[in-house]
Amino acid sequence: MGGTRRAHQKSRAGCIECKRRRIKCGEEKPRCHQCKKYDKSCEYAGSTLGPSTPSTRSSVQLHPDTEPLSQRTSTTPVPSISSVPSSSAHIPSSLFDAQDLSLFHHWCLTTSISIVNTRNLDHLWQTTLPKIGFRHIYVMHSLLSLSALHIAYLDPFEKHSNILNAAQHHSKALDGFRQDIDYISPENCDGLFVNAILIFLYTFITFGKLYDPAIDSKVGPRILGADWIPLMRGVGIVLQVGYEHITAGPLNSLLSIGNWMELCPDPESDPDDKHIVRIREVWNQGDNAAVYDETLELLRKCRAWIIQFEKMHVEDTSEWGHSRSWTGPFLWLFLAPQRYLELLAQRQPSALLIFAHFGATLHAIRQYWWIDGCSKSIVDVVSESLGPYWDHWMEWPKQVVER
DNA sequence: CAATACGCAACTCGACATCC
DNA sequence: GGATGTCGAGTTGCGTATTG
């Protein structure tokens, strides 16, 4: 005791173990010096820890009523699980507030089995994903955000507050994703991959039926890729590094692409194929024609993929493991050429037109609640962006989404 | 004696006030 | 409006007591 203390530089993002032990963390990644020295598992919080978030040492975070949900905005850091470590062994239960636990309960009982609603795959959403969520807190945030959106979808009276709550969790899920993607390893590639899918679902849901102009004034840019195009690149990086590990693990079934490679667009089984094919006239021989042609062929394939499941008998889909029609949009978005996504971001008319036809294609799988309303939003936003000059080419997508 | 626990000084940073 | 200062809540990690 006595004397002056040694001056020191404070870190702001030390690892969970060093914080718990109240010792200096050098923040080396993937393992800090202290954790290496004492052979501890070194985990960094999956979300940004705002300077004003309550101390992780105090256990006062079980306080659902201290801040009305309606006052929670994306710029107001929500106390509670923002600093939960990514290891289940280190999650103090007091860091979850009662509302989060309620959302988790809803995920396990209801939302998880509503995503694809197929017996063979429900287990993955209901059990495997929460397990990954215990290891990677950003995945847990994603699960909670989808759960909140699902409640908002089911109960219009609770819509506004649940959408706000979902936005909070989504923002933390994104923060964690951004942090972890710089350190892809066998330990986190499952978490990163599954989080990308969940973030994607979130994006779809929020510009579908649950779109709320009071909360989100920039739906147009979001629908046209402001959110999901950068995410697409992230998924590509995760799969480049972790593909073998993911396919060898519990998420294997999410990566299985069945007969996609052999699938051929078939005008006979798709009566609307002519509407898709005809938009080639728009870019015929012009700049980027090859990119648009390739993207359009992928879209036709995506339609063939969805249609084959519509026509399958239940016993056939069970042979497949489950109906995979819901994966169609993901496959198209993921396989679309990078150049196409750039052209879409630039709002080139041909790219927008293809995207509107993709929107119309989504209409075929609107039985999934998370896609309900997306097709109309996409077509509306594209139509507004293109203007009346393109109405002739937008006729069919507009018709489809009004059905 | 090394590892762990934790009191509390030092520090950070947002909010607000004041001045230019 | 921007720059600067002050305040105080919250966070970090030094240094020491305790434990095995």
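Below, each value reflects all heavy atoms present in this structure, side chains not excepted, and no hydrogens, waters or symmetry copies. Below, chain A is the first sequence line, B the second, and so on; all start at residue 1.
Ring pair A/W125/A/W107 is tilted by interplanar angle, where 30° to 60° counts as tilted.
Taking 4.0 angstrom as the limit, A/R21 places a side-chain polar atom (N or O) nearer than this to OP1 or OP2 of B/dT4.
For the salt bridge (Lys or Arg N to Asp or Glu O under 4.0 Å) test, residues two or more places apart in sequence or in another chain that qualify with A/K398 are A/D391. Residues satisfying the ring pair (Phe, Tyr, Trp, His ring centres under 6.0 Å) test with A/F358, not counting sequence neighbours, are A/W332, A/F355.
The two residues A/D190 and A/L251 come nearest to each other via the heavy atoms O-CD1, 3.5 Å.
Atom-to-atom, CZ of A/R22 to C1' of C/dC14 comes out at 12 Å; the value is rounded to the nearest Å. Atom CD1 of A/I23 and atom C1' of B/dC8 are 18 Å apart (whole Å).
A stem is defined here as three or more consecutive Watson-Crick or G-U pairs, each with both distances under 3.5 Å; for DNA chain B these stems are B:1-20 with C:1-20.
For the 3.5 Å distance criterion, the side chains of A/Y153 and A/D372 qualify, holding a donor opposite an acceptor.
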